[in-house]
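One structure is given here, and the rest of the page talks about it.
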Amino acid sequence: MNASTSAVMDFLDEEIALLKNENRLVRLRVLTGRQAPVSVVDGKKVVNLTSNNYLDLTEHPKLMAAAKAAVDSHGVGTAAVRPIIGTQDIHLALEEKLARFKGTQACLVFQSGFTVNVACCQSLMSSDKDLLISDELNHASIIDGARLAKSPRKIYPHADMKALEAILQSPEARAARRKMIVTDGVFSMDGDVAPLPEIVALAEKYGAFVMVDDAHASGVMGPNGRGTPAHFGLSDRVQIQIGTLSKAVGSIGGYVAGERRLIDYLISVARPFTFSSSHPPSVVATCAAAVDVMLAEPERIQKLWDNAHHFKAGLKKLGFDTGASQTPITPVMVGDTKKAKEFSARLFDEGVFALAITFPIVARGRDRLRTIVSSGHTTKDLDFALEKFGKVGRELGLIG
Ligand SMILES: *Cc1c(COP(=O)(O)O)cnc(C)c1O
């Protein structure tokens, strides 16, 4: 490229400088080998408290065998979108298995949790007469989905049921053709659980329907990891259940489970489904095997929760503020961007990998480390991590 052809892109230098200035320039860390409870990251062996590998399924022998077998039987790709010729028998079998697992009539799999959220918001909120009502801490994919929807949107303060009811009583809501309340089941930065019984009661009182994004609850909450509606006994009162196949399930993908007519509608109108190609067979087979393992090995979920309780209690005992967490996602509050990054870097030196989550991903003053335990961590791994949290936390004056 000659100098003047490249010069028109010089704005990127300014943009990057700006990001650097705001501490927002991302550097990719590199994992060598498997995603595991103890991993090699940037060449260093660390206790890994960053991944969403809740059940340690990324290296489960049954999932790995299923992926390999599917390559032999079905090839490596579909070279098509689902509605053309990208639907193999195994795609339908996975959807039937997931629907049975969730206890719904039907299910539809998308390329990711991100795309399924975008698809549902955009497809179901298709007119300016509709109203999308969303928790302020919902995931970025719901925010982007709401931007692509044709409806106006109203945001309520996190888990604030009075505010939600006030929106439902507003003239705009009363005049709306349809109303959808969207919430994460488990919130990804704080690890707290949505007040689903209250949300469902309000939805029923005011004639709205509910979409729950269980990305961090799939494999974690409810019997065999069926999610937050199952946890609360509300499976048949939540109309749209979103799950991800990219976190506890150990592979990649997202799905929506619900009534047959919901799925039939989305098959015809959901844009990521219509215009982006389908999963390769290895992914489909991996996800199907994961559901079998979640049913056959509930001890993994028990171990995950035992580890979460042990780790959380250890952090509290050290004197850390772990926020409102009720799940294996445990924030360690720091309150300052620079200090949070320093905390994370120092822990890494000591052999513990915990991500700093800072403004603008969380509000100013809510900077933190986020830790996620896995069923694959041993008590020894977690006690090692706790010892380092104590050591570095004292060094930085975060605890006494
Ligand atoms: C991770 C996440 C997603 C996106 O899921 P992917 O399958 O990784 O695209 C959606 N919603 C929530 C709440 C998440 O945490």
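Start at 1 and go down the list; that is how both ligands and their atoms are numbered. These numbers come from the heavy atoms of this one structure, side chains and all, not from hydrogens, waters or symmetry mates.
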Under 4.0 Å from any heavy atom of [X], which atoms of ligand 1 are there?
X: T244; result: 5 (O), 6 (P), 7 (O)
X: S246; result: 6 (P), 7 (O), 8 (O)
X: D184; result: 13 (C)
X: G253; result: 7 (O)

### Query
Can you tell me if R260 uses its side chain to pair, donor with acceptor, with the backbone of Q105 under 3.5 Å?
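No: the side chain of R260 does not pair with the backbone of Q105.
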Does any N/O atom on [X] come nearer than 3.5 Å to any N/O atom on ligand 1?
X: F114; value: yes
X: H216; value: yes
X: G113; value: yes

### Message
Which residue is it: D214, D213, V220? I am looking for the one with a side-chain contact (heavy atoms from CB on, under 4.5 Å) to T228.
### Response
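That would be D214; it is the only one of D214, D213, V220 passing the side-chain contact (heavy atoms from CB on, under 4.5 Å) with T228.
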### Query
Could a heavy atom of G254 be found less than 4.0 Å from some atom of ligand 1?
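No, that is not the case, since the closest heavy atom of the residue is not under 4.0 Å from the ligand.
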### Query
Closest non-hydrogen protein atom to atom 1 (C) of ligand 1, residue and atom name please, with distance?
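The answer is K247 NZ, 1.5 Å.
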### Message
Once you restrict to heavy atoms under 4.0 Å, what part of S112 touches ligand 1? Side chain, backbone, both or neither.
### Response
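Both backbone and side chain.
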### Query
Taking atom NZ of K150 as the centre, does the number of heavy atoms from other residues, nucleotides or ligands within less than 6.0 Å exceed 12?
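Atom NZ in K150 is not crowded, with 12 or fewer foreign heavy atoms closer than 6.0 Å.
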### Query
Would you call K303 and D306 a salt bridge, taking side-chain N to carboxylate O under 4.0 Å as the test?
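A salt bridge is absent here (no side-chain N lies under 4.0 Å from a carboxylate O).
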### Message
Count I, L, V, M, F, W, Y as connected when their side-chain heavy atoms are under 4.5 Å apart, and connections chain through other members. Are F389 and V392 then in the same cluster?
### Response
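Yes, because F389 and V392 connect within a single hydrophobic cluster, where side-chain heavy atoms sit under 4.5 Å apart.
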